[in-house]
Number of protein chains: 2
Amino acid sequence: MTYRDVPTETMDRLFLYMRALTCLRREKSETVSSSRLAEICNVNAPKVRKDLSYFGEFGVRGVGYNVNELLDHIRRILKLDRSVNVALIGAGNIGRALITHSSFQLEGFNISMAFDIDREKIGTRVGSITVEDMMDFPDRVEEEGIDLAILAVPEEVAPEIARIIADTNIISILSFAPCELCMPENVKVTCVDLSMEMARLLYNSRQTVTRKKKERKP
Amino acid sequence: MTYRDVPTETMDRLFLYMRALTCLRREKSETVSSSRLAEICNVNAPKVRKDLSYFGEFGVRGVGYNVNELLDHIRRILKLDRSVNVALIGAGNIGRALITHSSFQLEGFNISMAFDIDREKIGTRVGSITVEDMMDFPDRVEEEGIDLAILAVPEEVAPEIARIIADTNIISILSFAPCELCMPENVKVTCVDLSMEMARLLYNSRQTVTRKKKERKP
DNA sequence: CTTAAATTGTGAATGTGAACACAATCACAT
DNA sequence: ATGTGATTGTGTTCACATTCACAATTTAAG
Ligand SMILES: NC(=O)c1ccc[n+]([C@@H]2O[C@H](COP(=O)([O-])OP(=O)(O)OC[C@H]3O[C@@H](n4cnc5c(N)ncnc54)[C@H](O)[C@@H]3O)[C@@H](O)[C@H]2O)c1
Ligand SMILES: NC(=O)c1ccc[n+]([C@@H]2O[C@H](COP(=O)([O-])OP(=O)(O)OC[C@H]3O[C@@H](n4cnc5c(N)ncnc54)[C@H](O)[C@@H]3O)[C@@H](O)[C@H]2O)c1
């Protein structure tokens, strides 16, 4: 099944809806209205409905959307119906936190391998997996069929690791190093830059305050 | 100084430009062209130029933009010229990783306090700060003048903590718990949801592959 | 001094997504 | 049955963002 002429913004928002629905399911909500869903995701109700309408008619007029059903639909649209194999590179502070985080497993992301260059760390166990030697990365990744690599190494070595990954068949990299990675065109990199998120957040909340003040004037 | 009629998309991209420039400065680049900056940020060159033109004429025709100068300009536009006081709630795996991360300081984010509810953790030192009792949070935050709170507590207690924060004058929350937080309208919440980022990334990289295949056909 | 190469800044055209109002539909009460 | 209140689905309109082409400017070389 493939859908045409779906706005990229709609596609992006689908992930927000998925998260909201996952949350609602946890809270045992049976149904949800477009307006409630919109509220959770910080968008407006007509947008939610229009977005969903690109993929079919999932709601019941007068009632709303069935949480479980809609979540299943969206997960299928986003091709998240099977579990994802993840390799972690860099078993440092962030890396170890990620491995021991149990929710990933539940959400279908299985961190099955971890690599490091530090002799002290290689061979040690973190949670349920054993840290392996970065030297073995290319071979081991091939063996296990890894879908995604998480990069949690110091910034300075990130470009070097990027080259190693480029020679495997991994095309998805989630990097915590806030720097550019030169990659072949087909490899996608998402950079988790917390400083940037904080900066953006701060700017937006300050904006709201000053806007509020202006609106109060007349 | 305030700017009018700047597209929100432009505003958003400014943060990308900032990160790229920070990176370029570290690499000791003197100048950068709009096309190079665009490449790093995954946008196109005219967009970079148009975006910057909303705020002034920062470049030199035939040469490009001075990295340091442009970075300073952007930081001023984004109101990031003074350092930001951050409080961390939840000194667990993620929390401790964040505190010991040194780059935040360099980028102007000063994690100056940490709070937890666990008796074992209260009073212990992490990096250069001492974990305090969550009970004291409201008073202590008032005293220190905190600009932003990072929420790194288990999902289940996040809503409860949200209420505590709502009663302080903090209006910016960076949360690692992937759930909705009910907050007064003026409080902004950014949710760092790594599962969602991975899902999005995976979808996009798969898309590229299939698109490539289609293009190859004729 | 003149010309060529590089690169910025920008107005006008184009394209795309958001908003909105409302028809369609459903559950349920009477 | 039938009316009522709630809520979805969508065609149209409008606002906004992107793109493009090119004039303007600078550097460097001949
Ligand atoms: N810790 C944080 O809170 C935080 C926040 C934002 C960004 N980051 C970024 O995340 C990355 C990791 O941060 P961290 O705090 O976990 O650092 P860390 O120093 O604790 O861990 C880095 C790990 O990478 C390993 N490593 C080094 N070179 C390697 C190589 N060539 N191959 C494989 N492994 C290698 C090290 O042995 C170490 O275990 C850094 O780029 C940092 O800038 C961290
Ligand atoms: N660890 C990860 O890699 C990861 C990844 C994604 C999301 N998250 C999310 O980040 C959050 C923290 O994760 P973690 O792995 O650090 O968990 P953790 O259990 O290691 O740490 C949570 C900390 O919060 C403290 N805490 C509990 N209740 C509290 C309260 N009422 N007030 C103050 N402190 C309290 C606990 O004592 C503990 O120190 C969770 O919501 C988790 O879902 C974590």
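Chain A is the first sequence line, chain B the second, and so forth, proteins listed ahead of strands; every chain is numbered from 1.
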Out of D:dC20, D:dT8, C:dG17, minimum distance to the side chain of A:Ser33 belongs to D:dT8
Check this one for me: any side-chain N or O of B:Arg13 less than 4.0 Å away from OP1 or OP2 of D:dT18?
yes
Determine the contact category for B:Arg36: base if any of its heavy atoms lies under 4.0 Å from a base atom, sugar-phosphate if only primed atoms, P, OP1 or OP2 are that close, otherwise nothing.
nothing
Under 4.0 Å between a side-chain N or O of A:Tyr65 and OP1 or OP2 of D:dG9?
yes
Looking at the side chain of A:Ser53, which of C:dT7, D:dT26, D:dT10 is the nearest nucleotide?
D:dT10
Rounded to the nearest angstrom, tell me the gap between atom CG in A:Asn66 and atom C1' in C:dC26.
15 Å
When you measure from the side chain of B:Glu57, which nucleotide among C:dT10, D:dT8, D:dT18 comes out closest?
C:dT10
Gap separating the CG atom of B:Leu37 from the CD1 atom of B:Ile40, nearest 0.5 angstrom
6.0 Å
Nearest non-hydrogen partners of A:Leu202 and B:Asp147, listed with the distance:
CD1-O, 4.0 Å
How long is the line joining CZ of A:Arg49 and P of C:dA19, in whole Å?
12 Å
Specify the residue among B:Val63 and B:Lys50 whose closest nucleotide of DNA chain C lies further upstream toward the 5′ end.
B:Val63
With Watson-Crick and G-U wobble geometry limited to distances under 3.5 Å, how should the secondary structure of DNA chain D be encoded in dot-bracket form, using | for bases paired to another strand and [ ] for crossing pairs?
||||||||||||||||||||||||||||||
Short side-chain N/O contact from A:Ser34 to OP1 or OP2 of D:dT8, under 4.0 Å
yes
I'd like to know if A:Glu160 pairs up with A:Arg163 as an ion pair, taking the criterion as any Lys NZ or Arg NE/NH1/NH2 lying under 4.0 Å from an Asp or Glu carboxylate oxygen.
no
When B:Arg19, B:Arg26, B:Arg36 are each screened for salt bridge (charged side-chain N to carboxylate O under 4.0 Å, His left out) with A:Glu180, the one that passes is B:Arg36
Report the residue from B:Val84, B:Ile129, B:Val86, B:Asn85 that forms a side chain to side chain contact (heavy atoms under 4.5 Å, CB included) with B:Ser112.
B:Asn85
Here the distance between atom C1' of D:dT8 and atom CZ of A:Arg61, to the nearest Å, is 5 Å
Using a 4.0 Å heavy-atom cut-off, does B:Thr10 contact any base of the nucleic acid, only the sugar-phosphate backbone, or nothing at all?
nothing
Nearest-Å distance, CE (B:Met11) to P (D:dT18)?
14 Å
Does B:Tyr54 place a side-chain N or O at less than 4.0 Å from the phosphate oxygens OP1/OP2 of D:dA17?
no
Atom CG of A:Leu70 and atom C1' of D:dT7: how far apart are they, to the nearest Å?
15 Å
Examine C:dA18: is either OP1 or OP2 under 4.0 Å from a nitrogen or oxygen in the side chain of A:Asn44? Give yes or no.
no
Under a 3.5 Å cutoff, is there a donor and acceptor pairing between the side chains of A:Glu107 and B:Ser195?
yes
Rounded to whole angstroms, how far apart are CG on A:Asp51 and P on C:dC20?
15 Å
Charged N to carboxylate O below 4.0 Å: is that the case for B:Glu9 and B:Lys47?
no
What contact category does B:Ser35 fall into here, base, sugar-phosphate, or nothing, at under 4.0 angstrom with non-hydrogen atoms?
nothing
side-chain N/O B:Lys47 vs D:dA17 OP1/OP2, d < 4.0 Å:
no
Take the protein atom CG of A:Leu37 and the nucleotide atom C1' of D:dT8, then report the distance between them rounded to whole Å.
13 Å
Tell me the interatomic distance from B:Asp5, atom CG, to D:dA17, atom P, rounded to whole angstroms.
10 Å
Flag if over 12 foreign heavy atoms under 6.0 Å of CD, B:Glu144
yes
